[in-house]
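First comes the structure, then the notes that go with it.
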Amino acid sequence: MVLNCYENDYEHMNTYALITGASQGLGKYLAVELAKRKYNLLLVARSVQALEAVKKEIVRTHNITLTILVLDLSAIDASTKLRDFCVTESLEISVLVNNAGFGLWGSFERLSMVDQQNMINLNISTLTSLTYHILPFLIKNKRSYILQIASTAAYQPVPSLAVYAASKAYVLSLSRSLHHELKSKGVRVTCLCPGPMETGFSDRAGMQALAHLTEKYNMNPEIVAQKAIKEMFSGKIEVVPGVMNKIQRFGDWLFPKYMTERIAANLYKK
Ligand SMILES: NC(=O)C1=CN([C@@H]2O[C@H](COP(=O)(O)OP(=O)(O)OC[C@H]3O[C@@H](n4cnc5c(N)ncnc54)[C@H](OP(=O)(O)O)[C@@H]3O)[C@@H](O)[C@H]2O)C=CC1
Ligand SMILES: CC(=O)[C@H](N)C(=O)O
């Protein structure tokens, strides 16, 4: 298998890829793809057991250094704690993957504001502040990469996922701006906009009742991760994996917003 990036160029050897939300789901497979390319890994999530299991699985196959850090990234000081850990451990970071995130399914006024604020803290605030605080590590390298995880939900408002979809629209907008701002500094920014995947997302979002819908369009997160990392190293600004997701993206562009919003409202109605 030909792995793009720099398998013949050992500039990145001994540097780390920092991946948030790597204890399961998409983040775990993104970690595997970077381990294949001989990156050392710093994996961050809340569940120590799940992180330990991922570590055991990866180091069994790949000869890299893998460090885990248990941290609730929805906490306001999480990004500075993570930055301080990287300074204390003298980690050279050349890839940042802001993957940790979750959704909440339900009407805006009925969902808990505390839970929705936590989602904003993780999906928006920590993603932004971690990008800011890790940037100095990335700029030290000749080539570095940032992979931000948004969603196809970024392309249109989704009633019953109102704050979640808005958070992903923010991630997409921020990523596209930073792609241009940071190019001259040797930092390539890519935004991944996947559609539904077979992960723990739906359970956490409380979307079990929509299983008939999500399972119909679910993508394998391992396939999504392979596409995402390949396109990140090729410097692509925006990645929409899967034909159905590309069709949805085209439809969101082509049809009037009111029409696509009504379709989403009916699809995701709780
Ligand atoms: N699955 C899908 O249908 C889609 C998902 N996405 C996006 O993909 C990304 C990955 O989600 P996915 O893999 O699907 O979902 P999962 O729920 O399977 O994984 C989420 C990961 O994030 C971690 N995480 C969640 N909350 C926190 C927190 N407060 N602090 C630290 N880590 C946290 C979890 O670990 P732990 O619980 O141990 O903390 C886990 O490793 C998310 O940003 C999501 O929005 C986008 C489109 C579709
Ligand atoms: C809204 C979804 O079903 C999906 N999890 C996504 O984030 O696009």
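Note that the structure is predicted; figures quoted are calculated from it, not measured. Computation of the quantities below employed the complete heavy-atom set of this structure, encompassing side-chain atoms and omitting hydrogens, waters and symmetry-equivalent molecules. Whatever order the structure lists ligands and atoms in, that order sets their numbers, starting from 1.
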Are the side chain of [X] and the backbone N or O of [Y] linked by a donor-acceptor pair below 3.5 Å?
{"X": "Ser125", "Y": "Leu122", "answer": "no"}
{"X": "Lys142", "Y": "Gly186", "answer": "no"}
{"X": "Thr126", "Y": "Leu73", "answer": "yes"}
{"X": "Asp115", "Y": "Leu111", "answer": "no"}
{"X": "Asn99", "Y": "Thr20", "answer": "yes"}
{"X": "Glu261", "Y": "Val158", "answer": "no"}

Heavy-atom pairs closer than 4.0 Å: do any link ligand 1 to the side chain of [X], the backbone, both, or neither?
{"X": "Leu122", "result": "side chain"}
{"X": "Ala78", "result": "neither"}
{"X": "Lys168", "result": "side chain"}
{"X": "Ala153", "result": "neither"}
{"X": "Met197", "result": "both"}

What atoms of ligand 1 come closer than 4.0 angstrom to any heavy atom of [X]?
{"X": "Ser74", "value": "29 (N)"}
{"X": "Ile149", "value": "7 (C), 8 (O), 9 (C)"}
{"X": "Leu26", "value": "13 (O)"}
{"X": "Ser47", "value": "38 (O)"}
{"X": "Ser23", "value": "34 (C), 35 (O), 36 (P), 38 (O), 40 (C), 41 (O)"}

With ring centroids as reference points, do Phe201 and Phe102 lie under 6.0 angstrom apart?
no
Validation row, ring centre Tyr155 to ring centre Phe250 under 6.0 Å:
no
Can we say Lys227 and Glu222 salt-bridge, meaning some charged N sits less than 4.0 Å from an Asp/Glu carboxylate O?
no
Would you call Lys36-Glu33 a salt bridge at under 4.0 Å N-O?
yes
Atom 20 (C) of ligand 1: closest protein heavy atom, distance to 0.1 Å, is Gly101 O, 4.1 Å
Heavy-atom nearest neighbour in the protein, as seen from atom 10 (C) of ligand 1, with distance rounded to 0.1 Å:
Asn99 OD1, 3.2 Å
Among Pro241, Gly195, Gly21, whose heavy atom sits nearest atom 22 (O) of ligand 1?
Gly21
Between ligand 1 and Ala50, can you find any atom pair, the residue atom being a heavy atom, that is separated by under 4.0 Å?
no
Consider ligand 1: state whether an atom of it lies below 4.0 angstrom from any non-hydrogen atom of Asn98.
no
What I want to know is whether Asp72 and ligand 1 share at least one N or O pair that is separated by under 3.5 angstrom.
yes
Tell me whether Gly200 has any N or O atom under 3.5 angstrom from an N or O of ligand 1.
yes
Set out, in order, the CA-CA distance, both residues' side-chain angles and the distance that settles side chain to side chain contact (heavy atoms under 4.5 Å, CB included) for Ile146 and Leu178, then state yes or no.
CA-CA 10 Å; Ile146 298 174; Leu178 294 183; 5.7 Å; no
Part of Leu161 with heavy atoms under 4.0 Å of ligand 2, whether side chain, backbone, both or neither:
side chain
Met197 and ligand 2 - part of the residue with a heavy-atom distance under 4.0 Å:
neither
